[in-house]
> 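Sharing a structure here in structure tokens format.
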Amino acid sequence: MHTRYLLGSLLTGAALAVNTVEIKNQDFVDSKTGKRHYIIGVDYQPGGQSGYDESTGKDPLTDDKACLRDASIMQNLGINTIRIYNIDPNGDHDKCASIFNAAGIYMLLDVNSPFSGGSINRAEPWTSYNDDYLTRIFKMVEAFKDYPNTLGFFAGNELINDVKSSKINPPYMRAVQRDLKTYIKNHADRQIPVGYSAAQVQDVLEDTWQYLQCAVDGKKDEDMSRADFFGLNSYSWCGGDATFQSSGYSDLVDMFKESSIPVFFSEYGCNEVKPRVFNEVQALYGDKMTSLSGGLVYEYSWEESEYGLVTINDNNTISLRTDFENLQKQFNKLDLSLIQSANATGTSITPPECATKLISDKNFNSGIDEFKGSWDLPSTPSKAAKLLKEGVQNANKGKIVKVSDTEMPYAVYSSGGSEIKGLKLSVLEDGTTNSPGGNSLNSGDSTTKTGNTGKTTTSDGSASSTTKQGAAGKIGVQSTGALIFAAILAIYLC
């Protein structure tokens, strides 16, 4: 029955899609159901900075086999959102975006690049806020605006990270948000949220949030420079002995409880103690932190910084790490009814009016005047101002395509070394978002979701392979998805 249902879905012609997400005060909400979208996510940049190459069009969303592999794994992990840092706006992302869409997973996208001219220069922002930079980020909007699982754009990441940078960068941050939001308003069919990802630096965190969320002259809907959401890169909960109080989570709740925009962890998962146990998950998604909107674990793949949930082997096979299995156990314990319920405390909060009284002077000393007076924003450069009206000509524009191949293209191994059988992508029903469903890949078994209710259909997942993790990188597994799909299709049509 399950195979027949899945095949029937794939034969409908139109690609299945998640519902778009919009913002209501403190919450992300499903635009059709009104149900709260609480971010259960992971940061996704396989290969790190080397996994991005504009000269060849390579980025994390251009390799559809890798996306199918990773989306299938993430779907079983139970996440509903990924963040991607470095993306080529000219690349072909249709297959990857459609795969994550079919899996019920949204995308949060950084518009900047790590190369010169691809982001605002923290030391001298006026040198980088120019026509070429703005043209690039407008192309990012064009490339991703038509994917329903595009949740939002990060206009900046840790641009303000100390007292010195707070003196010169705030107006440029709001200017970039203004330009992105204006471009989206003029050239997209829906409002796509634009926000900021902040460093958890005590001296500037609260002031940065207040500065970005306030409305000039108190005009919430007319102020295009105001952030739609606020992400926090938080690593204050370290190890299994940390608590809600000792980690400072209680202080963050107090700080953000009156936020007029969604606040979430755009990165979390301290790795000072390894393997990570992720017991902060129960706090982040518990009843004490419902004023926040969840978070994204840093990060999916094991890179030089040693935060990964999985190891991507040299032949594209995957070895799950203990971190993955610990995180999955934590996700499986979540109260989904609490997560999806409306946030009663944040439904009627209005943004503060931009005023100097919002900014504390206890940390800034002589620098406070510069921060206070920075709502006078730089004007959009002339060429970019024209693009705001006319749009970027001949820009790459993404579109959802049908996902027909759902078979895992590469082998996946548990942390103990056994190959996990039966793992595949499950194309969810239209309007369905992925969520934790009690799955476990630790034993070498896989489960296929039937929806976001936690009900699962168990695949034949006996761990018949005893291949060890150390040999995984030497074993090549070719995709047989097309052959299997064709065979099933022939049987179905008979």
Side-chain angles (χ1 to χ4, degrees), residues 18-19 21-30 33-44 74-75 77-84 100 103-109 149-152 154 193 195-198 200 209 227-237 244 247-250 252-253 255-257 259 261-270 276 278-300 309 326-347 433-437 452 454:
V18 299
N19 295 332
V21 167
E22 58 189 19
I23 287 176
K24 291 187 178 179
N25 298 306
Q26 276 190 352
D27 298 341
F28 295 103
V29 299
D30 185 303
T33 68
K35 184 181 294 185
R36 189 179 188 190
H37 178 78
Y38 215 104
I39 294 174
I40 306 173
V42 65
D43 297 308
Y44 182 61
M74 293 178 190
Q75 193 175 48
L77 178 59
I79 71 161
N80 60 27
T81 308
I82 56 174
R83 175 187 182 180
I84 308 102
F100 283 109
I105 297 174
Y106 291 86
M107 304 181 297
L108 278 164
L109 309 157
N149 58 329
T150 295
L151 176 58
F154 284 108
Y196 178 74
S197 179
Q200 189 173 344
W209 159 66
D228 294 320
F229 60 80
F230 188 82
L232 174 61
N233 298 336
S234 176
Y235 295 91
S236 60
W237 188 303
F244 182 69
S247 65
Y249 275 27
S250 57
L252 292 176
V253 169
M255 180 187 301
F256 294 122
K257 64 183 178 182
S259 180
I261 57 178
V263 177
F264 60 95
F265 288 171
S266 40
E267 296 175 5
Y268 76 94
C270 173
R276 295 179 286 179
F278 291 111
N279 56 354
E280 68 264 46
V281 165
Q282 301 310 311
L284 180 58
Y285 297 95
D287 56 8
K288 293 180 180 179
M289 298 187 73
T290 55
S291 58
L292 273 67
S293 294
L296 300 118
V297 171
Y298 192 83
E299 62 181 317
Y300 176 71
L309 300 176
N326 288 343
L327 181 61
Q328 187 167 52
K329 290 176 184 176
Q330 295 289 350
F331 282 165
N332 286 342
K333 292 190 291 185
L334 295 181
D335 181 352
L336 297 183
S337 61
L338 174 66
I339 292 171
Q340 294 172 348
S341 299
N343 175 15
T345 63
T347 55
T433 302
N434 194 51
S435 66
N452 68 342

> Determine whether a donor-acceptor pair (N or O, by modelled atom type, separation under 3.5 Å) exists between the side chain of Q75 and the backbone of A103.
yes
> How far apart are the C-alpha atoms of L334 and V281, what are their side-chain angles, what is the distance that settles it, and do they pass the side chain to side chain contact (heavy atoms under 4.5 Å, CB included) test?
CA-CA 8 Å; L334 295 181; V281 165; 3.8 Å; yes
> Shortest non-hydrogen contact from I23 to P262?
CG2-CD, 3.8 Å
> Atom CD1 in I105, atom CG in N149: separation rounded to 0.5 Å?
9.0 Å
> If only atom types and distance count, is the side chain of E299 paired as donor or acceptor with the main-chain N or O of V42 below 3.5 Å?
no
> Could you walk me through whether W209 and M255 pass the side chain to side chain contact (heavy atoms under 4.5 Å, CB included) check?
CA-CA 10 Å; W209 159 66; M255 180 187 301; 4.1 Å; yes
> Hey, does the side chain of S259 reach the backbone of I261 with a donor-acceptor pair shorter than 3.5 angstrom?
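Present.
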> Mind checking whether F154 and F264 have parallel, tilted or perpendicular rings, split at 30° and 60°?
tilted
> Are side-chain N/O atoms of N80 and T433 paired as donor and acceptor at under 3.5 Å?
no
> How far apart are the closest heavy atoms of R36 and Q26, and which atoms are they?
NH2-O, 4.5 Å
> So does S337 get a backbone contact from the side chain of D335, meaning a donor-acceptor N/O pair under 3.5 Å?
yes
> Mind listing the closest non-hydrogen atom pair of P193 and L151 along with its distance?
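For P193 versus L151, the nearest heavy atoms are CD-O, 3.2 Å.
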> Within the structure provided, determine whether I82 and Y300 are in side-chain contact (heavy-atom separation under 4.5 Å).
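Not touching, per the 4.5 Å side-chain cut-off.
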> Nearest heavy-atom pair of R83 and L296: which atoms, and what distance?
N-CD2, 3.7 Å
> Just do the salt bridge (charged side-chain N to carboxylate O under 4.0 Å, His left out) check on D30 and K35 with the steps written out, would you?
CA-CA 5 Å; D30 185 303; K35 184 181 294 185; over 6 Å; no
> Drop me the distance from L292's CG to L232's CG, to the nearest 0.5 angstrom.
8.0 Å
> Looking only at heavy atoms, what is the nearest atom pair of N434 and G78, with distance?
ND2-C, 3.6 Å
> With under 30° as parallel and over 60° as perpendicular, where do the rings of Y38 and Y285 fit, or are they tilted in between?
tilted
> To the nearest 0.5 Å, tell me how far N279 CG sits from L327 CG.
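The CG atom of N279 sits 11.5 Å away from the CG atom of L327.
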> Please tell me whether Y298 and F265 form a close aromatic pair, meaning their ring centres lie under 6.0 Å apart.
no
> Can you see which heavy atom on V297 is nearest to which on L309, and at what distance?
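What the structure gives for the nearest pair is CG1-CD2, 4.3 Å.
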> How long is the span from the CE atom in M107 to the CD1 atom in I84, to the nearest 0.5 Å?
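If I round to the nearest 0.5 Å, the distance is 6.0 Å.
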> Indicate the ring-plane relationship of F256 and F230, choosing parallel, tilted or perpendicular according to the 30° and 60° boundaries.
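It falls in the tilted class, 30° to 60°.
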> Would a 4.5 Å heavy-atom cut-off, applied to side chains only, mark D287 and L338 as touching?
yes
> Compute both the distance and the angle, then confirm whether K288 meets the cation-pi test with Y249: under 6.0 Å from the six-membered ring centre, within 45 degrees of the axis.
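Judged by the rule (NZ or CZ under 6.0 Å from the ring centre, within 45° of its axis), K288 is not positioned above Y249.
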> Is R276 close to N326 at the side-chain level, that is, under 4.5 Å between some pair of heavy atoms?
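No. Closest side-chain heavy atoms not under 4.5 Å.
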> Have Q200 and S234 got a donor and an acceptor in their side chains that come within less than 3.5 Å?
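Yes, because at least one side-chain N or O of Q200 sits under 3.5 Å from a partner of the opposite role on S234.
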> Working to the nearest 0.5 angstrom, can you tell me the gap between S197 OG and E267 CD?
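One gets 5.5 Å once the value is rounded to the nearest 0.5 Å.
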> Enter the distance from F244:CZ to Q282:CD here, rounded to the nearest 0.5 Å.
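Between atom CZ of F244 and atom CD of Q282 there are 13.5 Å.
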> Go through the side-chain N and O atoms of S293 and H37 and say whether any donor and acceptor fall under 3.5 Å apart.
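Looking only at side-chain atoms, H37 and S293 do not form any donor-acceptor pair under 3.5 Å.
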> Does the side chain of Y106 come within less than 4.5 Å of F100's, by heavy atoms?
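They are not in contact (no side-chain heavy atoms under 4.5 Å apart), so the answer is no.
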